[in-house]
Amino acid sequence: MTEILRSSPASEVLPSACPLDCPDACSLEVRVEDGRVVKVDGSRLNPITEGFICSKVRRLPEYLYGPVRLLYPARRVGPKGGSSEFQRISWDEALGLAVDKIREARERWGGESILPFYYGGSNGVLTQDTTDARLFRRLGASRMARTVCAAATGRAATGLYGKMPGVAFQDFVHARLIVLWGVNPSASGIHQVPFIQEAQRAGARLVVVDPRHTPLAKQADLYLPLRPGTDLAVALSAIRWLFEEGQANLGFLAAHATGWEELRRRAQPWTFERAAEVSGVAAKEIERFVRLYAETSPAVIRCGWGLERNRNGGSAVASVLALPAVAGKFGVRGGGYVLSNSGAWSLDSAAAVAEPEASTRVINMNRLGETLLERDDPPVKVLFVYNCNPLATMPNQEKVRRGLAREDLFTIVFEQAWTDTARMADLVLPATHFLEHTEMSRGYGSYVLYRTPPVAEAAGEARPNPEVFAELLRRLDLARPGEPETADDLAAALLRRSERIQGELERDGFATPDCGFAPIQFGDSFPLTPDRRAHLVPEALDREAPRGLYSFQKDPATARYPLALISPATSRTISSTLGQLVRKQIPLEMHPGDAGARGISAGDAVRVWNDLGEVRLAARLNPDLRPGVVLLPKGLWSHNTFSGTTSNALSPDTYTDLGQGACFNDARVEVEKLPGSAGILPASSNSEP
Ligand code: SF4
């Protein structure tokens, strides 16, 4: 039953693939000695990987065998609230306890009092939405809306193009203009950087739109440092100009798009001057950008996730994705856009789950704190967390913390590490890592799907997700004969629609999607909408956005909280994954002007706060930030600040205009120096952990 490695030769190099939440989906070479991983490197199986990987995944041996690895089932014996008093118990005892608590909650409060809470975690497709979904559907548990990331981008990309596959990384070398909008590939998605640089060497121009002067912004021909949440204004002013100046490709729009007349009408009020006033970017710079875009082909937009994390996020992404349609940039290699390519794969997840979707209530994960503290229809009595560290990653962190501290809540955390959330649990279950179990993973940047066997022995008593959820199904008398349970069964179910992909996986260990390795948008790959056209004002999105699609909601800053806090990714963690390896204190980054106005010098201890909470940490002066913006990376753990709180203590649990996504970058804050705290951290410390 257990599909994990139990014996191996003394030393060997084995192939694997990285399923972490990163577009690149690297192919790996893993050196294993006596069943333990000693080195992880990139291979060339996926040509995008080119034999190199990021520094974070190189540190996987530390992650796998470090002191924070969760090795055995354990139950809380100390008080709740972050105490680390746990007692090791057997798997049999642990599963028995989980079953008792689930049964009790279901009988007394109904199935909806059980809430599964999960995200990507190790991000393989076998460790989520397989036997776990089967279990929770049969229990009649509450359903969770998976909205913390890519909710707004997903809605916009699906509405406009049906999630059409995007321009492949390697095709960036064919572009004459590359626009990086709300994305920092130097930190996440590093394999895109060599292609961008190769294109630049061949004469391509580079434009970067971002509140931070990122490494690639420093090499760009044009940099637009806009205020967070104002991407929509800039993109609409570009669309307006294209139509007004006769630069819109009306022939393409007539043949391949709907809604463009309405988009034109909605962009009409957005002059460069108005966009400049809202975004803080000079009108002439916005005009320079759109002229460059209009006159250059092939032109590709790399749209990131930074622009979705605010009240206007969905409309902003829709307006950026509309640009190549309006300007007629499709139909050539290296022209169009790329966001997420996850739509290129059609895996049969219904076959793997083997249980129809339930009709129980839906809980938005961005409101976990509110749900735990305020919902009583019924209250959540059993919270089952897996592949996820919500105390570190969800908005309104103090509410989440108070919710997890509820004495009448039984929290199960099934994890690879003693995360901040695991320390708040009542029962912890150790999970295997992707190098320790059979996994399947797909890129959402590079076009590749892998099936990878375990390369190392499981640490301690860790077990794979599908196995544990299948065992819970059995113990709860919810299992049925013949259902897919093992990794092999589940993989076969997911792939049953495509013999070609099954064959390629068996032969090569990886496969490409039906659209191929490098599709040309509106060349050999078309929108996955019913009529294969782009829908520039889709009715469903127009209904969903509070004031209609492309309507701009003003900045939430107040006189009390004038600074915009952004929390982007860094190059050392993937959200909070690998956060235990970041041991040092992380500073708040401030523009020198904002710091000076508050009497703050580099290294001073500061308090950053708003009505939701506060964080105490050191300050770092960063002239690469635009004034009025402060930065604290996402994914930090409690040990990374003096107060044990992180940026999410300041993030509101409001929703994006589309998809009910998280609005992390709508946090508005004030900062003050803590008395008697000058120079608490060396001035050279930075936020790159
Ligand atoms: S995190 Fe990204 S860059 Fe790093 S190894 Fe995984 S896929 Fe490659």
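Predicted model only: the values in this text are computed from it and were never measured. The figures that follow rest on heavy atoms only: side chains count, while hydrogens, waters and symmetry mates do not. Order of appearance sets the numbers: ligands from 1, and atoms from 1 within every ligand.
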Checklist entry - Is a side-chain N or O of T419 found less than 3.5 angstrom from the main chain of A422, in a donor-acceptor match? => result yes

Checklist entry - Where the side chain of N665 meets the backbone of I566, is there a donor-acceptor pair that is under 3.5 Å apart? => result no

Checklist entry - Counting only N and O atoms by type, is there a donor-acceptor contact under 3.5 Å from the side chain of N640 to the main-chain atoms of K584? => result yes

Checklist entry - Any salt bridge between D624 and K218, counting N to O under 4.0 Å? => result yes

Checklist entry - Heavy atom under 4.0 Å from ligand 1: found in T49's side chain, backbone, both, or neither? => result neither

Item to check | Contact atoms of ligand 1, heavy-atom distance to A25 under 4.0 Å | outcome: 7 (S)

Checklist entry - Thinking salt bridges, do E436 and R69 make one under a 4.0 Å N-O criterion? => result yes

Checklist entry - With atoms numbered from 1 as shown, which atoms in ligand 1 lie under 4.0 angstrom from a non-hydrogen atom of C22? => result 1 (S), 2 (Fe), 3 (S), 7 (S)

Next on the checklist: Side chain, backbone, both or neither: which applies to S188 and ligand 1 if a contact is any heavy-atom pair less than 4.0 Å apart?
Outcome noted: neither

Next on the checklist: So, applying side chain to side chain donor-acceptor pair (under 3.5 Å) with Y118, which one of N465, N387, D129, T127 is it?
Outcome noted: D129

Checklist entry - When you measure from atom 1 (S) of ligand 1 to every protein heavy atom, which one gives the shortest distance, and what is it? => result I574 CD1, 3.5 Å

Checklist entry - Would you say C26 has an N, O or S atom lying under 2.8 Å from atom 8 (Fe) of ligand 1? => result yes

Checklist entry - Numbering the atoms of ligand 1 from 1, which are under 4.0 Å from a heavy atom of H191? => result 3 (S), 8 (Fe)

Checklist entry - In ligand 1, which numbered atoms sit nearer than 4.0 Å to a non-hydrogen atom of V57? => result 1 (S), 4 (Fe), 5 (S), 6 (Fe)

Item to check | Salt bridge R309-D666, side-chain N to carboxylate O under 4.0 Å | outcome: no

Next on the checklist: Taking 4.0 angstrom as the limit and counting only heavy atoms of I53, give me the atoms of ligand 1 inside it, by number and element.
Outcome noted: 5 (S)

Checklist entry - Quick one: nearest non-hydrogen protein atom to atom 4 (Fe) of ligand 1, plus distance? => result C54 SG, 2.2 Å

Checklist entry - Below 4.5 Å, heavy atoms only, C-beta onward: do D21 and Y119 meet side chain to side chain? => result yes

Checklist outcome for this item: for atom 6 (Fe) of ligand 1, nearest protein heavy atom and its distance come out as C18 SG, 2.4 Å

